[in-house]
Amino acid sequence: MLSLKYLQENQEEAIKALKIKNFDATEIIGKIIDLDEKRKATQAEQDATQAEMNSLSKEIGMLFKSGKAEEANAAKAKTGELKNSIAELNSKQTSIVEELNNLLLQIPNIPHSSVPAGKGEEDNVIEKSVGEAPSLAPDAIPHWELAKKYNLIDFDLGVKITGAGFPLYRGKGAILQRALINFFLDENRKAGYEEVIPPLVVNEDSGYGTGQLPDKEGQMYHVTEDNLYLIPTAEVPVTNIYRDVILKGEDFPVKNTAYSACFRREAGSYGKDVRGLNRLHQFDKVEIVQLQHPEKSYEALEGMVNHVESIIQKLELPYRLLRLCGGDTSFTAALTFDFEVYSAAQDKWLEVSSVSNFESYQANRLKLRFKDKDMKKPQLAHTLNGSALALPRIVAALLENHQTPEGIKVPKALVPYTGFDMID
RNA sequence: GGAGAGAUGGCAGAGUGGUCGAAUGCGGUGGUCUUGAAAACCAUUGUACGGCAACGUACCGGGGGUUCGAAUCCCUCUCUCUCCGCCA
């Protein structure tokens, strides 16, 4: 969420910038600023009353100690009224703060000045397009058929065991998964990211910390018995490492990478987009997370984009880089770049990575701050994350783009990890 | 699953109803001394909100209660540890 202070100091600017995200903030920001005035006034009144109460209590203690029981009891009589008004002010304050918070949570992150206006996918800006779609044989087939042909993925068995969207990888298909995970982790480690293996299940606090709760509650699998949630991405447990943390300035940059299985209910997605590996309930992903000094977060974003790009290049896949427009940038991001890989057999672009700078939007809710020696008060850090990379669509693109009449060619960089150079 | 113990500042650890935002030790920061460092000594060292400031208010795992007054007493939840059981 945005900080109150920012909104107070930059009201006009914020309203203008949020229009890029097609969000009219005029009314809500006005309400917030009014409410905060109320909050301050009520707080001041409450503090003063409490101060009076405190000193009266102290006095009573002294009186009792010095044996003046009568005076003490007289003073006691006065406390009842104070007590009532404190309770009253307190409940008033609680509801003001609650309302204020609710409103704050409804405002999306301010988009970066370079975010283009636009309504949806079609307005995203293609930053670059690299590599050419391979000229496939006329009988080229989509990955779900390739997966069957070479016995790599058994979707039917997944349905039998669990349900749709939970594929079973086998043989070279399973090895390919493991190879990709290790390849990605190694690449990330070489780029300075510390590897972590986080829990795959998180508690409510963590869900709120990264903003999955309360708004996206329905998208996560919920273990009601223990009130825990299956993670939709490693971003959740990894970013929550830093919840309620105050870093030192010299700790930056903090760089973590994690492989995890990801679980998404994907309630409401049906149809041809869910064919094969395009959209799953359980999938594998290697994530990168960075915490940065506010002055350096955009430099870091660029570094992350370049890093992800280098991995895709090593996989020998044709890709393009998109700068998301306001309408397609997520609620919490300030600037997002998407990588899409071309699937020749499906004749469509598949999103394989999304790299975003959240600036202090996530950090504010997480209470992730840093403090330099010369700083009086802790300041919010910037958080960034990206997929490096998500497996299913990479696998789909690898199978489809590298298919030959003899079999599927494994990219050179991956061979040391798979132990074979051809799937046949 | 059963029985018990516990949760206090960056860490360790005192504090069982008022003078406690909290002793003490360690750590951190600044300084004195030193050619430099170490040691020693001195000072300082939580977060949030309000206020130009002085200062005020809140926070001793979370929530609720008793009381004029709660870190301290009561209830409840969560978590951690120990033992037993079960088990990868």
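These values consider heavy atoms only, across backbone and side chains, with no hydrogens, waters or symmetry-generated copies. Proteins come first, then strands; the chains are lettered A, B, ... in the order of their sequence lines, and each starts at number 1.
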Using a 4.0 Å heavy-atom cut-off, does A:A51 contact any base of the nucleic acid, only the sugar-phosphate backbone, or nothing at all? sugar-phosphate
Does the Lys NZ or Arg CZ of A:K172 fall within the cation-pi geometry relative to A:F420 - under 6.0 Å from the ring centre and within 45° of the axis? yes
Flag the pair A:K148 and A:E145 as a salt bridge only when some basic side-chain nitrogen lies within less than 4.0 angstrom of an acidic carboxylate oxygen. no
Taking any heavy-atom pair under 4.0 Å as a contact, classify A:M62: base, sugar-phosphate, or nothing. nothing
B:rG56 base / A:D47 side chain donor-acceptor hit below 3.5 Å: yes
Examine B:rA58: is either OP1 or OP2 under 4.0 Å from a nitrogen or oxygen in the side chain of A:Q50? Give yes or no. yes
Assign A:S57 to base, sugar-phosphate, or nothing according to its heavy-atom contacts below 4.0 angstrom with the strands shown. base
Base, sugar-phosphate or nothing for A:I60? Non-hydrogen atoms, less than 4.0 Å. base
Should the ring pair A:H222 and A:Y229 be called parallel, tilted or perpendicular, given that the plane angle runs from 0 to 90° and is split at 30 and 60? parallel
So A:K78, base contact, sugar-phosphate only, or nothing? Heavy-atom distance under 4.0 Å. nothing
For B:rU57, take OP1 and OP2 only and decide whether either is under 4.0 Å from a side-chain N or O of A:N54. yes
I want to check one thing: is the phosphate of B:rC49, taken as OP1 and OP2, less than 4.0 Å away from some side-chain N or O of A:K5? no
